[in-house]
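Scroll down for the structure; my scribbles are underneath it.
So you know, we letter chains A, B, ... as the sequences are listed, proteins then strands, and number each from 1. All values reported here derive from a predicted model rather than from experimental measurement.
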Number of protein chains: 2
Amino acid sequence: MNFKAITITDIAKALNISASTVSKALSDSYEISAKTKQIVLTYAREHNYRPNPNAISLKFGSSLSIGIVIPSIQNQFFAQIIDGIESVAHDEGFTVIIAQTHESYDMEVKSIQQLTHRAIDGLLISQSSETFDVSHLENLRSKGLPMVFFDRVSDQIDTHKVVTDNFQGALNATQHLFDNNYSRIAHITGPEGLSITTDRLNGYRQAHAQNKTQVTADYIKHCSYTNNNVAEIERAVHELLQLPDRPDAIFATSDTITSTVLLLLNKLGIKIPGQMAVIGFTNSSFAAVLAPPLTSVFQPGFLMGQKAARLLLSLVKSKKAVTEFETVVLPMQLIVRESSSVSIQV
Amino acid sequence: MNFKAITITDIAKALNISASTVSKALSDSYEISAKTKQIVLTYAREHNYRPNPNAISLKFGSSLSIGIVIPSIQNQFFAQIIDGIESVAHDEGFTVIIAQTHESYDMEVKSIQQLTHRAIDGLLISQSSETFDVSHLENLRSKGLPMVFFDRVSDQIDTHKVVTDNFQGALNATQHLFDNNYSRIAHITGPEGLSITTDRLNGYRQAHAQNKTQVTADYIKHCSYTNNNVAEIERAVHELLQLPDRPDAIFATSDTITSTVLLLLNKLGIKIPGQMAVIGFTNSSFAAVLAPPLTSVFQPGFLMGQKAARLLLSLVKSKKAVTEFETVVLPMQLIVRESSSVSIQV
DNA sequence: TTGAAAGCGATACCAC
DNA sequence: GTGGTATCGCTTTCAA
């Protein structure tokens, strides 16, 4: 089976004129008579002509498309970012091509090769948690590929970046727990090495400093963000629960970590927030109807996507090389619900 | 700024040989000497050569890529389907291009035009809820574009289809409510016209027939699946609650509808399942930790994506026109939790 | 064993 | 006003 769309040559043959005339007529060139334009445009519309983007890309080395590299589409936060990117890109006539890394460095390298050879005009990327060596990206950037980082950024590459205020978000969440009389606060977060992990950990630490409380190393657990991380999370929770000085609150990141933590606590019959307060990072609409309603840090995904796309398109359209880059920091929102209500234990 | 990847001509020039020799060497042609191959391959690897897909697509009218058209990436069910599709497509060397319709007919038409002119080899589609006229699809199919429908299918187009057993899923969910002593069962579902809406409604009706219970028209509410449907859902719930013969159970579809229903019931202080049982259609990992844990119909998204992709690739690879099509029906799973526990009211 | 040339679709420079 | 031709990167005859 083979499918072929209508081309300029098809139109030219059908109307018994040359391909160049058709091309010019379609682009409304002043060289072409009104009558010819009329005929060509009518025929083109009737036969649903659309230029072949592959030919255009080949011809101009530009494709009016941008690549997006994210860890996983299943994460609602990233899905919202994509929607934000698309809303801007489509307005400017750009198509978007999405590639997932599933938290694998190899997949990231492969996806990016795929995308760049598709002649994308720019790249939006949130790194995989396995990515430490960024030479594959630095390589492209130095060759002039416009690139913008979002959410998970690298400090080794100088370009525009858009992040949420992970430090402040974690600080606020942790401080909120202190304010509500919790003092033994555990933090279950993503793998070390990620910018978001570091920033959140720093916020968590800062809150402890503010409250003149020592950070307990055993209270900090790193889990991977891959699909099969449930066992890891379960182990982390069990270890926390078995500590002699058991935490009275858990501050968790990501949807999977948060929902798994809640499931375990419920299963063990641990009352939330009575015996254990919980705060999560989540954009899920279900947060408000969890048992109990979950205090959560909400990240403006759609907005982040829009900002990142605008910055990328400004790079793509810039005639001269850009050397001054900015890092946009978007505020997070702490939405307080019952899961972190004032502790009555102390 | 302009970014260019290395081409066959670049390699040819650098090595002082012809482009055709390079091309053949890269494809390991028997015409080329081992030594030349060695030199070319080494150089190509070192300089990270990858063929330009636009050139390939233009040359062969095939792109080793397939298009996916879905309503929204934010729906976790569709995100899972995409992962399923990718897992199959990547294994076979195909790239995937995703387009969202956001439930708009115009966006659907536009996206599909975009995709087909990118020389995709096949199309996987789940229709928008606004799509009644399918001539844009029939057009492509008749011209030979391999096409597979999934989830939301059209009965006006003859091709492979993959669906979940919406009839059985709705039947089981409704029957489960009857079994647990509920008899005034409301159904809040998607817009009329969608295959999934009809099938679920039929399952709901069948359950009523089995239990010799009349279906009450006022108990059936249709809401759109767009992003801004909260007001609609709120109105539907309020109307249900104000009925003289108020329902004692709600069977809802989709994540937004389900979470909004739960939020409203909680806000109004209506006990679940004491005063109102709830069953939802959701794949969210949060279902188990909702207040109360939600009985839900789980749809095998990943599997659906895999099946659909395999069927599409079989069409793409088939040398002769395929005229016998199949409709794969995947079973759903009713996961029983507290939100539909046995009623003690009756 | 290697290379020159045609062609995929669209555009732009030049002729006419 | 219109049409021929080169070009983008790649593959595939065909010729050397």
Side-chain angles (χ1 to χ4, degrees), chain A residues 2-41 43-44 47-65 93 113-114 116-121, chain B residues 2-41 43-44 47-65 113-121:
Chain A
N2 225 323
F3 167 77
K4 299 204 61 57
I6 184 173
T7 72
I8 271 191
T9 325
D10 296 334
I11 300 181
K13 274 190 199 136
L15 299 180
N16 244 319
I17 51 179
S18 81
S20 28
T21 304
V22 175
S23 170
K24 287 173 192 164
L26 288 171
S27 56
D28 200 26
S29 160
Y30 64 94
E31 300 174 90
I32 303 297
S33 73
K35 200 166 81 183
T36 310
K37 277 184 193 169
Q38 178 60 32
I39 297 172
V40 171
L41 261 75
Y43 189 93
H47 291 75
N48 213 341
Y49 168 80
R50 301 244 8 239
N52 182 321
N54 291 305
I56 304 278
S57 300
L58 190 54
K59 178 79 182 151
F60 296 103
S62 144
S63 56
L64 285 182
S65 71
Q113 283 190 345
Q114 279 269 358
T116 51
H117 285 79
R118 228 163 237 289
I120 51 166
D121 295 329
Chain B
N2 225 324
F3 168 76
K4 299 204 61 56
I6 184 173
T7 72
I8 273 191
T9 324
D10 296 334
I11 301 182
K13 274 191 197 136
L15 300 179
N16 244 318
I17 52 180
S18 81
S20 32
T21 304
V22 175
S23 170
K24 288 171 190 166
L26 288 171
S27 57
D28 201 24
S29 159
Y30 65 94
E31 300 173 87
I32 303 298
S33 73
K35 201 166 81 186
T36 309
K37 278 185 193 168
Q38 178 60 33
I39 297 171
V40 171
L41 261 75
Y43 188 92
H47 292 74
N48 215 340
Y49 168 80
R50 303 246 4 240
N52 182 320
N54 290 304
I56 305 275
S57 302
L58 191 54
K59 180 77 185 159
F60 295 104
S62 143
S63 56
L64 284 182
S65 71
Q113 283 189 345
Q114 278 269 359
L115 289 173
T116 50
H117 285 81
R118 228 162 236 290
I120 52 166
D121 295 329

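- Judged purely by distance below 3.5 Å, without hydrogens or angles, the side chains of B:Ser29 and B:Ser27 never pair a donor atom with an acceptor atom.
- For the pair B:Ser33 and C:dT2, the criterion of a side-chain N or O lying under 4.0 Å from OP1 or OP2 is met.
- Residue A:Thr36 is classed as a sugar-phosphate contact, given heavy-atom separations below 4.0 Å to backbone atoms only.
- B:Lys35 places its NZ atom 12 Å from the C1' atom of C:dT1, with the value rounded to the nearest Å.
- Taking atom CG of residue B:Leu58 and atom P of nucleotide D:dT7, one finds them 16 Å apart after rounding to whole Å.
- In this structure, B:Ile56 places its CD1 atom 9 Å from P of D:dT12, rounding to the nearest Å.
- Rounded to whole angstrom, the span from the CD1 atom of B:Ile11 across to the P atom of C:dG3 amounts to 14 Å.
- Applying a 4.0 Å cut-off to non-hydrogen atoms, the residues of residues 16-24 of chain A that approach DNA chain C are A:Ser20, A:Ser23, A:Lys24, listed by residue number.
- For B:Asn54 and C:dT11, the CG to C1' distance is 16 Å, given to the nearest whole Å.
- We find that NZ of B:Lys13 is positioned 12 Å from C1' of D:dG9, with the value rounded to whole Å.
- In terms of position along DNA chain C, the nucleotide closest to B:Lys37 lies nearer the 5' end than the nucleotide closest to the other residue of the pair A:Ile6 and B:Lys37.
- Every residue two or more places apart in sequence or in another chain that forms a ring-ring contact (aromatic ring centres under 6.0 Å, His included) with A:Tyr43 is listed here: A:His47.
- One interatomic measurement links the two molecules: CZ of B:Phe60 to C1' of D:dT11, which rounds to 5 Å at whole-angstrom precision.
- Between the C1' atom of D:dC8 and the CG atom of A:Asn52 lies a distance of 13 Å, rounded to the nearest Å.
- For the residue pair A:Ser20 and A:Ser23, no side-chain donor N or O sits within less than 3.5 Å of a side-chain acceptor on the partner.
- Closest approach to the A:Lys59 side chain among D:dC14, D:dG9, D:dA6 is made by D:dA6 (side chain taken as heavy atoms from C-beta onward).
- Taking 4.0 angstrom as the limit, A:Tyr49 places none of its side-chain polar atoms (N or O) nearer than this to OP1 or OP2 of C:dG9.
- Nearer to the 5' terminus of DNA chain D, by closest-nucleotide assignment, is the contact made by A:Ile32 (compared with the other of A:Ile32 and B:Ile8).
- Nearest heavy-atom pair, B:Ile32 versus B:Lys37, reported as atom, atom and distance to 0.1 Å: O-CE, 3.5 Å.
- Between A:Ser63 and A:Ile120, the closest heavy-atom pair is OG-CA, 3.5 Å.
- Between B:Thr7 and B:Asn52 there is no side-chain heavy-atom pair separated by less than 4.5 Å.
- A side-chain N or O of B:Thr21 and one of B:Ser18 form a donor-acceptor pair less than 3.5 Å apart.
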